[in-house]
Amino acid sequence: MPELPEVETIRRDLAARIVGRSIAEVEVPDPAIFTGYKRGSKAPKDISLNGFVRDLKGKTILHVLRFGKYLIFEFKQEGALILHLRMTGQLLVDPEQFKARLRLVLTGAPNLVLVFQDQRRFGEVAYAQNWRLFEPLAKLGPEPLNGGLSPEHLRSKLKFRSASIHSLLLNQRIIAGLGNIYANEALFHSGIRPERCGNSISGKEASALCANIQKVLDQSIASRGYSMSNYVDTFGKRGAMQNHSWVYDWEGDPCRKCKTLIVRRILCGRSVYFCRKCQR
DNA sequence: AGCAGGACCTGATGGC
DNA sequence: TGCCATCAGGTCCTGC
């Protein structure tokens, strides 16, 4: 899953642990981890395994940044490593947790091994001389937690859209960092049904959505993320946000506000959970 | 342009 | 126990 709160939890842990450290060794057990390098296809022209290893070796990590669900290791010398965990990616520093599907291994002397482990192999990494020019980052919408997301922005992005509000909230060009869990939760707290058209959202509802998006993300960061099956932090520890969700994964259970049974439905190929009475 | 649906992968789970 | 179908938190691509 990792959505914004999970990636932010990882970022904070890593920032405390790897800033100022240098990369001594680089192993790439699964080259398909490179952005654009798909299984069965040839590597794109601008990607070479040897070049990648050469780019990273000896670099000192200056900052660990996050934009949406992307993590960025910015180097002191030049360049940056950009990572996306997609559905099942994990970044681990505890060797006890290294199991299978290791895709990238960074070693920093002394006593640091960072592993990108990824069951479904959807995760990706890229090296960029200047991460600010990395296209997927440039396309991201505003960050919900640094004041960049306003009701006016949201309303203007939804105003002429006929797609469901749920799928629009998952659109990273509109808001960076939301995924299915927090989209469902924010819609519940705002009293909005997931299948409502974007253009039906009023100014008042957009304000409520903004506030509730920030609320659920903040709460999840405080809980160190939502652990369903795969997500764990860099030490392999689960988060606790699943204990604080109101609708996500609660199909058939009574709504905590009104006791109406929570409904699950498939919308655009994704599971949505909602309360028929609390959400209109 | 914007939308829905499928593809990308693997492992866990549930039904028979 | 064993096999098969179904499902999963993200994003990109395709065709309409």
Side-chain angles (χ1 to χ4, degrees), chain A residues 1-10 29-41 44 66-71 82-91 99-103 116-126 134-141 156-187 194-200 216-217 220-221 223-233 238-242 244-245 247-251 264-273:
Chain A
M1 74 168 155
E3 305 180 30
L4 186 152
E6 291 76 27
V7 181
E8 178 63 17
T9 301
I10 291 170
D30 182 5
I33 196 169
F34 290 128
T35 293
Y37 188 134
K38 296 297 169 214
R39 199 182 207 183
S41 68
R66 179 194 57 75
F67 292 97
K69 301 171 194 169
Y70 288 89
L71 268 179
I82 301 166
L83 308 95
H84 197 301
L85 301 170
R86 293 286 181 97
M87 299 276 254
T88 56
Q90 302 171 330
L91 281 175
K99 287 166 191 148
R101 299 283 166 207
L102 269 55
R103 309 195 61 202
F116 190 133
Q117 184 168 269
D118 184 11
Q119 181 191 105
R120 286 173 74 180
R121 302 173 66 218
F122 285 157
E124 293 185 85
V125 299
F134 187 70
E135 223 183 306
L137 288 177
K139 290 179 181 168
L140 290 177
S156 72
K157 291 293 179 187
L158 301 177
K159 219 170 177 176
F160 302 105
R161 306 291 290 265
S162 64
S164 66
I165 180 65
H166 174 261
S167 67
L168 294 167
L169 291 180
L170 296 183
N171 183 335
Q172 303 297 298
R173 295 181 187 214
I174 296 177
I175 304 174
L178 276 192
N180 201 23
I181 295 172
Y182 303 110
N184 274 277
E185 292 294 309
L187 285 168
E195 70 261 33
R196 289 259 307 274
C197 292
N199 59 25
S200 79
V216 296
L217 295 178
S220 183
I221 291 172
S223 306
R224 299 185 61 80
Y226 186 113
S227 288
M228 196 176 183
S229 51
N230 271 275
Y231 170 71
V232 289
D233 66 17
R238 292 162 57 83
M241 184 60 186
Q242 64 279 10
H244 305 293
S245 78
V247 286
Y248 188 84
D249 207 23
W250 286 113
E251 180 186 18
R264 169 179 178 261
R265 201 174 280 164
I266 301 296
L267 189 61
C268 275
R270 311 302 300 277
S271 288
V272 292
Y273 298 83

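All chains are named by letter (A, B, ...) in the order of the sequence lines, taking the proteins before the strands, and each is independently numbered beginning at 1.
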### Query
Of all the choices, B/dA4, C/dA8, B/dG11, which nucleotide is nearest to the side chain of A/R264 once you look at every atom?
C/dA8

### Task
State whether A/E124 and A/R86 are salt-bridged, where the test is any N-O pair (Lys NZ or Arg NE/NH1/NH2 against Asp/Glu carboxylate O) under 4.0 Å.
yes

### Under 4.0 angstrom between A/R86 side-chain N/O and C/dC12 OP1 or OP2
no

### Task
Please determine, for B/dC9, whether a Watson-Crick or G-U wobble partner exists with both distances under 3.5 Å, and give it or none.
none

### Message
Measure CG/A/L137 against C1'/C/dT11 and give the value in whole Å, please.
### Response
14 Å

### Query
When you compare B/dC9 with C/dC4, how far apart are their P atoms, in angstrom units rounded to a whole number?
22 Å

### Message
From CD of A/Q119 over to P of B/dA12, roughly how many Å is that when rounded to an integer?
### Response
6 Å

### Message
If you only use heavy atoms from C-beta on, which nucleotide in B/dC3, B/dT10, C/dG10 is closest to the side chain of A/R121?
### Response
B/dT10

### Message
Is the base of B/dC8 stacked against the aromatic ring of A/F122, taking ring centres under 5.5 Å apart and planes under 30° as the test?
### Response
yes

### Value in whole Å for how far the P atom of B/dG5 lies from CG of A/L170
15 Å

### Query
At their closest point, which heavy atom of A/P194 faces which heavy atom of A/Y273, and how far apart are they?
CG-O, 4.4 Å

### Task
Could you tell me which non-hydrogen atom of A/Q172 sits nearest to which non-hydrogen atom of A/L178, and how far apart they are?
NE2-O, 2.9 Å

### Protein-nucleotide distance (A/M87, atom CE; C/dC12, atom P), rounded to Å
13 Å

### Task
Select base, sugar-phosphate, or nothing to describe what A/E3 touches, counting heavy atoms under 4.0 Å on all strands.
sugar-phosphate

### Message
Would you say A/R101 places a side-chain N or O within less than 4.0 Å of OP1 or OP2 belonging to B/dG11?
### Response
yes

### Query
Counting just side-chain N and O atoms, does A/K69 come under 4.0 Å of either OP1 or OP2 of C/dT11?
yes

### Query
Under 4.0 Å between a side-chain N or O of A/H84 and OP1 or OP2 of C/dT11?
yes

## Note on the structure
A/I266 atom CD1 is separated from B/dA4 atom P, nearest whole Å, by 14 Å

### Message
What's A/S162 touching, base or sugar-phosphate or nothing? Going by heavy atoms closer than 4.0 Å.
### Response
sugar-phosphate

### Task
May I have the distance from A/I175 (atom CD1) to C/dG10 (atom P), rounded to whole angstrom?
14 Å

### Query
Under 4.0 angstrom, heavy atoms only, what part of the nucleic acid is A/N230 near: base, sugar-phosphate, or nothing?
base

### Summary
Whole-Å distance, A/L267 CG to B/dC3 P, equals 12 Å

### Query
Counting any heavy atom closer than 4.0 Å, what does A/Y231 reach on the DNA or RNA strands: base, sugar-phosphate only, or nothing?
base

### Nearest-neighbour nucleotide for the A/Y248 side chain, B/dA4, C/dA8, C/dT11 considered
C/dA8

### Query
Taking the side chain of A/R161 as its heavy atoms from C-beta onward, which of B/dA4, B/dC9, B/dC3 lies nearest to it?
B/dC3

### Message
Can you tell whether the side chains of A/D118 and A/R103 come within less than 4.0 Å, N to carboxylate O?
### Response
yes

### Query
Can you find a pair of side-chain heavy atoms, one from A/L187 and one from A/V247, that are under 4.5 Å apart?
no

### Query
Rounded to whole angstroms, how far apart are CD1 on A/I33 and C1' on B/dT10?
15 Å

### Query
Charged N to carboxylate O under 4.0 angstrom, A/R224 versus A/E6?
no

### Task
Could you check A/G269 against A/Q172 and say which one's nearest nucleotide on DNA chain C is further toward the 5' end?
A/G269

